[in-house]
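Here is the structure we will look at, set down as C-alpha cells.
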Amino acid sequence: MLQRFVRMSFQEEHIKTFKELFSEVQPKIKEFEGCHSVQLLQDSTDKNVFMTFSVWDSEDALNNYRESDFFKATWRKTKVLFNQKPEAFSMNIIQ
C-alpha cells in the first residue's frame, strides 16, 4: 500500500473555493481503481495550509490516476488557487 501526502497552501480568498471543489471531487477520486481512501486535512494553526492524504494499492495505481483526464482537469482548477508551490510525498508503511 502506498500513502500519498500532498501539502498545499492557498490564498485566503480561495479557501472556500478549494473546499467546495474538493467536496465535489473526493467521491470521484475514491472511485478510481486502486484508491482505498482520500481525506482532506487542514493545519491547526495556519488555516491556509491543507494536506490531502490518500491510500493507493501501488505507485502504478496512483500514476494511473495522475495521468487521467479527471486529475488533469481538477489540478488545473486547483493550482491557480495556491499561494505557494505544493509538496507531494509518497510513503510506504514499513512497520
Side-chain angles (χ1 to χ4, degrees):
M1 294 272 213
L2 182 80
Q3 285 72 40
R4 179 75 167 181
F5 300 87
V6 180
R7 183 186 183 278
M8 302 165 284
S9 183
F10 293 93
Q11 299 171 41
E12 189 171 342
E13 63 271 19
H14 296 312
I15 290 173
K16 182 178 183 228
T17 301
F18 171 68
K19 286 181 174 180
E20 290 169 353
L21 175 62
F22 188 82
S23 290
E24 291 173 19
V25 301
Q26 182 182 26
K28 295 174 185 170
I29 296 169
K30 286 182 183 179
E31 292 175 3
F32 267 83
E33 185 174 345
C35 182
H36 293 267
S37 65
V38 60
Q39 299 175 329
L40 180 63
L41 310 166
Q42 187 173 21
D43 191 283
S44 62
T45 56
D46 186 345
K47 300 302 181 191
N48 294 358
V49 175
F50 291 81
M51 187 174 286
T52 57
F53 170 65
S54 55
V55 179
W56 298 86
D57 280 339
S58 65
E59 185 87 27
D60 287 341
L62 172 62
N63 286 336
N64 287 338
Y65 164 68
R66 293 181 66 220
E67 292 169 6
S68 72
D69 290 338
F70 173 77
F71 172 81
K72 291 174 185 174
T74 301
W75 192 247
R76 199 170 25 255
K77 293 175 189 175
T78 304
K79 68 183 183 179
V80 297
L81 308 175
F82 295 146
N83 67 6
Q84 293 178 11
K85 184 178 177 182
E87 299 175 85
F89 310 90
S90 293
M91 310 291 285
N92 291 306
I93 296 174
I94 58 169
Q95 279 189 313

Item to check | Atom CG of N92 with >12 non-hydrogen neighbours under 6.0 angstrom | outcome: yes
Next on the checklist: Measuring only between side-chain heavy atoms, which start at C-beta, is T17 closer than 4.5 Å to L81?
Outcome noted: yes
Item to check | Spacing of T78 atom OG1 and F22 atom CZ [to the nearest 0.5 Å] | outcome: 9.5 Å
Next on the checklist: Any non-hydrogen side-chain atom of V6 less than 4.5 Å from a side-chain atom of E87?
Outcome noted: no
Checklist entry - Take atom CD in E12; do more than 12 heavy atoms of anything else shown fall under 6.0 Å from it? => result no
Checklist outcome for this item: For R76 and V80, the nearest pair of non-hydrogen atoms, with its separation, is O-CG1, 3.9 Å
Checklist outcome for this item: Shortest non-hydrogen pair, K28 vs F32, comes out as O-CD1, 3.3 Å
Next on the checklist: Grouping I, L, V, M, F, W and Y whenever their side-chain heavy atoms are under 4.5 Å apart, do I93 and V55 come out in a common cluster?
Outcome noted: no
Item to check | Working for side chain to side chain contact (heavy atoms under 4.5 Å, CB included), residues I29 and Y65 | outcome: CA-CA 8 Å; I29 296 169; Y65 164 68; 3.5 Å; yes
Next on the checklist: Do L41 and F89 land in one hydrophobic cluster if side-chain heavy atoms of ILVMFWY residues count as linked below 4.5 Å?
Outcome noted: yes
Item to check | Closest heavy-atom pair and its distance - R66, F71 | outcome: O-CD2, 3.1 Å
Next on the checklist: When you compare the side chain of R4 with that of W56, does any pair of heavy atoms fall below 4.5 Å?
Outcome noted: yes
Item to check | Any side-chain heavy-atom pair of F70 and V25 under 4.5 Å | outcome: yes
Checklist entry - Is there a donor-acceptor pair closer than 3.5 Å between any side-chain N or O of Q42 and the backbone N or O of K47? => result yes
Item to check | Gap between atom CG of N63 and atom OG of S68 - 0.5 Å precision | outcome: 11.0 Å
Next on the checklist: Quick check: closest heavy atoms across A61 and E33, and the distance to 0.1 Å?
Outcome noted: CB-O, 4.0 Å
Checklist entry - How many angstroms lie between atom CG of L40 and atom CZ of F50, to the nearest 0.5 angstrom? => result 6.0 Å
Checklist outcome for this item: CZ of F18 to CG of N48, rounded to nearest 0.5 Å, is 12.0 Å
Checklist outcome for this item: When rounded to the nearest 0.5 Å, the distance separating OG of S37 from NZ of K30 is 7.5 Å
Checklist entry - Taking only residues two or more places apart in sequence, or in another chain, which ones meet F82 in a ring-ring contact (aromatic ring centres under 6.0 Å, His included)? => result F10, W75
Checklist entry - How far apart are the C-alpha atoms of E59 and S90, what are their side-chain angles, what is the distance that settles it, and do they pass the side chain to side chain contact (heavy atoms under 4.5 Å, CB included) test? => result CA-CA 8 Å; E59 185 87 27; S90 293; 4.3 Å; yes
Next on the checklist: I'd like to know if the side chain of N83 pairs up with that of S9 as donor and acceptor (distance under 3.5 Å, no hydrogens or angles considered).
Outcome noted: yes
Checklist outcome for this item: Note: V38 and Q26 closest approach over all heavy atoms is O-NE2, 2.7 Å
Checklist entry - Between the main-chain N or O of S54 and the side-chain N or O of Q39, is there a donor-acceptor pair closer than 3.5 Å? => result no
Checklist entry - Do M8 and F53 share a hydrophobic cluster, counting only Ile, Leu, Val, Met, Phe, Trp and Tyr and linking them when any side-chain heavy atoms are less than 4.5 Å apart? => result no
Checklist outcome for this item: Applying side-chain contact (heavy atoms from CB on, under 4.5 Å) to D60 and not counting sequence neighbours gives S58
Checklist entry - What distance separates R7 CZ from M51 CE, expressed to the nearest 0.5 Å? => result 6.5 Å
Checklist entry - For K77, what residues pass the side-chain contact (heavy atoms from CB on, under 4.5 Å) criterion, not counting sequence neighbours? => result L21
